[in-house]
Amino acid sequence: MSDNVIIRTIDLKKHYKGDEIRALDGVSAEIRRGEVVVVIGPSGSGKSTFLRSLNLLELPTSGSIFFEDVDITDSKVNINLHRQKMGMVFQQFNLFPHMTVLKNLTLAPMKLLKKSKEEAEKKAMELLERVGLKDRAEAYPEQLSGGQKQRVAICRALCMNPDVMLFDEPTSALDPEMVGEVLDVMKSLAKEGMTMVVVTHEMGFAKDVADRVIFMCDGKIVEEGIPDDFFTNPKDERAKQFLKSIL
Amino acid sequence: MMAVLTFAKWIVDAPGWILSLPEGLQRLIFQFYQVFIYENRWKFFTDGLATTFIVTIGALVIGVIIGMIVALIRSTHDSQSKKPNIVLRILNVICKIYVTVLRGTPLMVQLLIMGFVIMVPKGNFETMLCAVITLGINSGAYVAEIARSGIMSINAGQMEAGRSLGLNFAQTMWHIILPQALKNILPALGNELIALLKETSLVTVIALQDVTKAAQVIVSKAYTAVIPYISLALIYLVLVMILTKLLAILERRMRKNER
């Protein structure tokens with residue numbers, strides 16, 4: 001396997017109710033180190049399922065996922081160790097409401113990376129400063145706006161020093177005026193060379209930031225390519241339809 | 001053994017200020033005297049109260065421990081996306097049977113079975129142990145359902161967020177799910193504690209000397225039921241009111257920060 005591939009999925013399938021519903025119907029894809037891949041597609045296309053199976057929040061029915069050359073679908077693999085290297089950001093933020101922002105950020109590094117409280121807090125404060133929320137460290141999640149919550153959620157994932165960041169529609173639950181602040185954080189992450197897989201409806205972000213766009217439909221990848229080609233000259237009929245409906 | 005104290009005998013030795021009162025009041029004071037003061041009968045109540053406390057607290061501890069374990073097994077089993085392994089499935093069935101049986105039979109019957117069929121305690125200590133264990137096992141079934149509903153009430157995204165960071169199932173449960181669940185179920189747990197305190201009165205059927213038994217003993221000695229039983233009701237009422245107040249304070253503290 002070539003060095004610069006960080007995630008490779010082979011013929012990933014996710015079926016429900018026997019074979020009736022095929023959320024993923026044979027998805028093979030590669031994510032390379034430092035690459036920003038945006039996954040788009042109509043609702044029900046399986047793009048979220050695909051993203052969520054990359055860290056096994058969704059267990060695929062068959063197929064394999066190689067993350068840093070380890071097949072994490074192998075039941076002998078300790079998935080918890082690999083998840084530490086894959087940060088995830090959710091549509092609904094999923095911050096821990098009973099902890100302050102700072103505790104949200106330091107819990108996992110202290111428990112899993114065995115960092116001291118001081119070390120973990122230092123790193124957390126650095127990240128909070130980067131996203132402009134240093135003064136909110138002692139606040140509880142419910143005291144934050146949606147955009148602030150999502151920026152905290154990004155910091156929480158970054159605190160584990162992940163090798164790849166997975167974004168599951170990170171701006172879909174936000175008020176329109178807050179989308180920008182979250183996208184800005186994501187853009188600066190991309191600029192620093194973070195490997196990112198992003199499921200989103202923000203076509204502007206896809207055009208500006210993505211190195212590659214994957215278009216999914218009916219649980220399959222039907223087209224992929226660099227954004228310039230994809231957005232100006234889509235080849236697949238469903239991709240054409242989709243772009244026409246949203247642009 | 002002293003003879004039964006009658007009003008006529010008592011009034012002869014009564015202090016002067018009582019003699020100046022109307023007779024109705026005199027008789028009332030006599031009743032109080034006879035129930036609480038004569039032969040130090042108030043000690044029945046205080047000794048009984050101590051037993052009631054011990055049984056309540058012991059049963060609460062056992063109930064919460066059993067309840068939490070059962071709730072964790074049940075909700076872990078139910079939250080598995082793939083088919084749970086055989087051990088978990090067996091444990092889950094055992095827990096289900098436990099909850100069904102304990103909630104499906106009267107506590108009184110459970111006490112009779114534990115007291116006269118299974119444990120058959122001899123002596124005070126064994127009887128108290130029997131009461132604590134029976135009430136604890138009974139309460140555990142109710143706490144289990146309360147705790148399970150609390151765990152289930154936490155959004156699945158919380159578990160996903162914890163797991164996505166690399167925390168394992170137990171760590172996520174302990175640090176993220178349970179603290180939130182506990183806060184949600186606190187009112188229901190408080191109700192269970194209050195119910196438990198009142199239900200300890202049933203331990204009289206295995207002849208444990210709790211506060212209810214104390215009132216019964218005094219009735220049999222003083223040949224009057226009004227004051228002992230009304231006092232007994234008031235004792236429970238005051239205890240429950242104190243508990244309610246304490247729980248309200250605790251709840252307010254836990255809510256101060258978030259949500």
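All chains are named by letter (A, B, ...) in the order of the sequence lines, taking the proteins before the strands, and each is independently numbered beginning at 1. Quick note: numbers below take in every heavy atom, side chains included, and nothing from hydrogens, waters or symmetry partners. Quick caveat, the model's predicted, so the values are computed rather than measured.
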Quick one: what part of L95(A) sits under 4.5 Å from any heavy atom of chain B, side chain, backbone, both or neither? backbone
Can you name the one residue among R130(A), K122(A), K123(A) that meets salt bridge (Lys or Arg N to Asp or Glu O under 4.0 Å) with E126(A)? K122(A)
Against chain B, label R52(A) side chain, backbone, both or neither, depending on which of its atoms sit under 4.5 Å from a heavy atom there. side chain
Part of M160(A) lying under 4.5 Å from any heavy atom of chain B: side chain
Measure E160(B) against the heavy atoms of chain A and call it side chain, backbone, both or neither at under 4.5 Å. both
Within this structure, what is the NE2-CG distance for the pair H175(B) and L107(A), rounded to the nearest 0.5 Å? 6.0 Å
Proximity breakdown for F90(A) and chain B, heavy-atom pairs closer than 4.5 Å: side chain
On the six-membered ring of F96(A), is R156(A) placed so that its NZ or CZ lies under 6.0 angstrom from the centre and within 45° of the ring axis? yes
Separation of L128(A) CG from E121(A) CD (nearest 0.5 Å): 10.5 Å
Using 0.5 Å steps for rounding, measure from the OG1 atom of T73(A) to the CG atom of L12(A). 8.0 Å
